[in-house]
Novice: 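The structure that follows is given in the form of structure tokens.
Just so we're on the same page: letters track the sequence lines, and every chain starts at 1.
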There are 2 protein chains.
Amino acid sequence: MKKNESIGALLTAGEQDLLPALSVDCVIFGFHENQLKVLLVKHRHRDMWALPGGFIGKEEPTDAAAYRVLKERTGLNEIFLQQFHVFGEPERSKKEFHLQDFKKDGINVTANHWILQRFVTIGYYALVEFSKVSPASGSIPEKCVWWDIHKVPTLILDHRKILDKALAALRMQLNYQPIGYNLLPKKFTMPELQKLYETILDKKLDRRNFQRKILGFGILCRLDETKEGVAHKAPYLYSFDLKKYDDALNDGLNLGW
Amino acid sequence: MKKNESIGALLTAGEQDLLPALSVDCVIFGFHENQLKVLLVKHRHRDMWALPGGFIGKEEPTDAAAYRVLKERTGLNEIFLQQFHVFGEPERSKKEFHLQDFKKDGINVTANHWILQRFVTIGYYALVEFSKVSPASGSIPEKCVWWDIHKVPTLILDHRKILDKALAALRMQLNYQPIGYNLLPKKFTMPELQKLYETILDKKLDRRNFQRKILGFGILCRLDETKEGVAHKAPYLYSFDLKKYDDALNDGLNLGW
DNA sequence: ACAAAAGTGTTACTTTTACACCCATGA
DNA sequence: TCATGGGTGTAAAAGTAACACTTTTGT
């Protein structure tokens, strides 16, 4: 199938198969080589990158649409996915933006085509295990790759704003929920977990205080193994105690009152 | 204007003036006689109550639609309004639900009328000063009144779920933002503020510890007056230090890391 | 043997909790 | 005068922050 055929199919079938005026955009976070990463896509002809997003089926729950986008891009099913904000300004939709793309593809759309109308988008952020992901371009976007959170390129439309808001939401989540299960491999070391927190918060934490605090949550199991093949002293491996981790997700951690 | 004329106008003009498939619902909180209240509306013919909600203009920001609903029901302009969740299950929309209403009004709508389609709704919660509000029924709902949060009647569709989620979001907000400016009169006493917290959290707090903690935020000014006309010792009056209050809104309070 | 990273412990400081006493007022 | 609610303080406990020494391992 040629690429613009699939675009054509979307443009034709969309009107009857998709919910109008509403979309989802996903900020997919991963963690690799001690850096927080975000998965971005690039469309042909376009010089800017974008968050992976999609439309919502007429009978599809909005959350399911976000899960579908995630599955398409990462191949993963069970991931932490969290709706965090709706972006509902009329100004965020730009007709010319799509028209330029279509022009380059030699596709004609009528001026009142559904895809040119204003779109409200629901922002989701996801936490995934980097090593389990094989970024999949799919049929429409040309590229789909991880970007270091500190080196994100220029993004289309208001996607930079969406990304920033997702990061803020993720930081907020650290204050009342455990994190890491969906970002780290099954077995990980304390310094790795700490680095994850430091990267998200963009600040240094004290090694010993971090360990005490995080162990205090009671969501970790120290295994009887140490990391192999590392320079210097081998750190212990830990895994999450799923049951207690889920309890903490539900009950919250640092609640103030 | 007869009431069902305005419904008729909405049904006719909606298709071209409104964003399809998307609505807003507002959980409007107030505080009165030491009780947390929520503003509910009731439509004619319907035996259940509902959250005040509305549709979104074709060129209207979603936030503006929520502000408009609030203005319509409370008469208030400047209030704390916060988007908190999107409810996007297809099952939440029930065709029969609207059809029954229209039937009772003698209105005929076609089976594929826009109002019968699936709606995704954006939940907002608002905090308003009870005494400044004169609940306005407007043309479509028959009644619009305050309900004690503990005595909320049966609500339509998934509105109970929306209300519960709003309350959870409000409780969460207490953990990292100050609250009270939009719920209390300009001048208020410490016991009143405490009662507000206790009501939202649905739990008792220690009088002295509460005072110490809340004063520690540095967002209050103690005035040189005491409450008059009260039994027993007259409590001091306080007001919020707007500048510091806003700083606290932006920077957060109890952040954990 | 040494540099670099990880394990562990201690102390000072801050915040939270629990609780007691005095004061003002209307009945 | 007394019951009730409000103002204020203090001591113990818990939690946080700052910091030092020892252990392991590859080079």
Novice: Rounded to whole Å, please give me the gap between CG in A:Leu215 and C1' in C:dA6.
Specialist: 14 Å
Novice: D:dT8 C1' sits how many Å from B:Arg222 CZ, rounded?
Specialist: 10 Å
Novice: Which protein N or O atoms sit under 3.5 Å from an N or O of nucleotides 25-27 of chain D?
Specialist:
residue : atom : partner  : partner atom : Å
D:dT25  : O4'  : A:His232 : O            : 3.4

Novice: Expressed in angstrom and rounded to an integer, what is the separation of A:Leu255 atom CG from D:dG15 atom P?
Specialist: 14 Å
Novice: Applying side chain to side chain contact (heavy atoms under 4.5 Å, CB included) to A:Leu40 and A:Leu51, what does each step give before you reach the verdict?
Specialist: CA-CA 5 Å; A:Leu40 299 178; A:Leu51 296 170; 3.8 Å; yes
Novice: Applying side chain to side chain contact (heavy atoms under 4.5 Å, CB included) to A:Met190 and A:Tyr238, what does each step give before you reach the verdict?
Specialist: CA-CA 7 Å; A:Met190 191 60 75; A:Tyr238 290 82; 3.6 Å; yes
Novice: Hey, is the side chain of B:Arg207 pairing donor to acceptor with the base of D:dG5 inside 3.5 Å?
Specialist: no
Novice: Looking at every heavy atom in both B:Met48 and B:Lys42, which two are closest together, and how far apart are they?
Specialist: O-CG, 3.7 Å
Novice: Distance to the ring centre below 6.0 angstrom and angle to the axis at most 45 degrees; does that hold for A:Lys203 and B:Trp257?
Specialist: no
Novice: Can you measure B:Glu228 atom CD to D:dG5 atom P for me and round it to whole angstrom units?
Specialist: 20 Å
Novice: Enumerate all atom pairs, one protein N or O and one N or O from nucleotides 15-19 of chain C, separated by less than 3.5 Å.
Specialist:
residue : atom : partner  : partner atom : Å
C:dT17  : O4   : B:Arg212 : NH2          : 3.4
C:dA18  : N7   : B:Asn209 : ND2          : 3.0
C:dA18  : N6   : B:Asn209 : OD1          : 3.2
C:dA18  : N6   : B:Arg212 : NH2          : 3.1
C:dC19  : N4   : B:Arg208 : NE           : 3.1

Novice: Would A:Phe240 and A:Phe188 count as a ring pair (Phe, Tyr, Trp, His ring centres under 6.0 Å) if you check the C-alpha gap in whole Å, the side-chain angles of each, and the deciding distance to 0.1 Å?
Specialist: CA-CA 9 Å; A:Phe240 285 105; A:Phe188 53 90; 4.8 Å; yes
Novice: Could you tell me the separation between the OH atom of A:Tyr236 and the C1' atom of C:dA6, rounded to a whole number of Å?
Specialist: 10 Å
Novice: Over how many whole Å does the gap from A:Leu237 atom CG to C:dG7 atom P extend?
Specialist: 10 Å
Novice: Going by side-chain hydrogen bond (donor to acceptor under 3.5 Å, both in side chains), name the residues that satisfy it together with A:Lys243, two or more places apart in sequence or in a different chain.
Specialist: A:Asp247
Novice: Rounding to a whole Å, what distance do you find between A:Glu198:CD and C:dA5:P?
Specialist: 13 Å
Novice: CD of B:Glu228: more than 12 outside heavy atoms within 6.0 angstrom?
Specialist: no
Novice: Of the non-hydrogen atoms in B:Leu196 and B:Gly180, which two are nearest, and what is the gap between them?
Specialist: CD2-CA, 3.8 Å
Novice: I need the B:Tyr245 OH to B:Asn250 CG distance, nearest 0.5 Å.
Specialist: 11.5 Å
Novice: Between C:dA6 atom C1' and A:Gln211 atom CD, what is the distance in whole Å?
Specialist: 9 Å
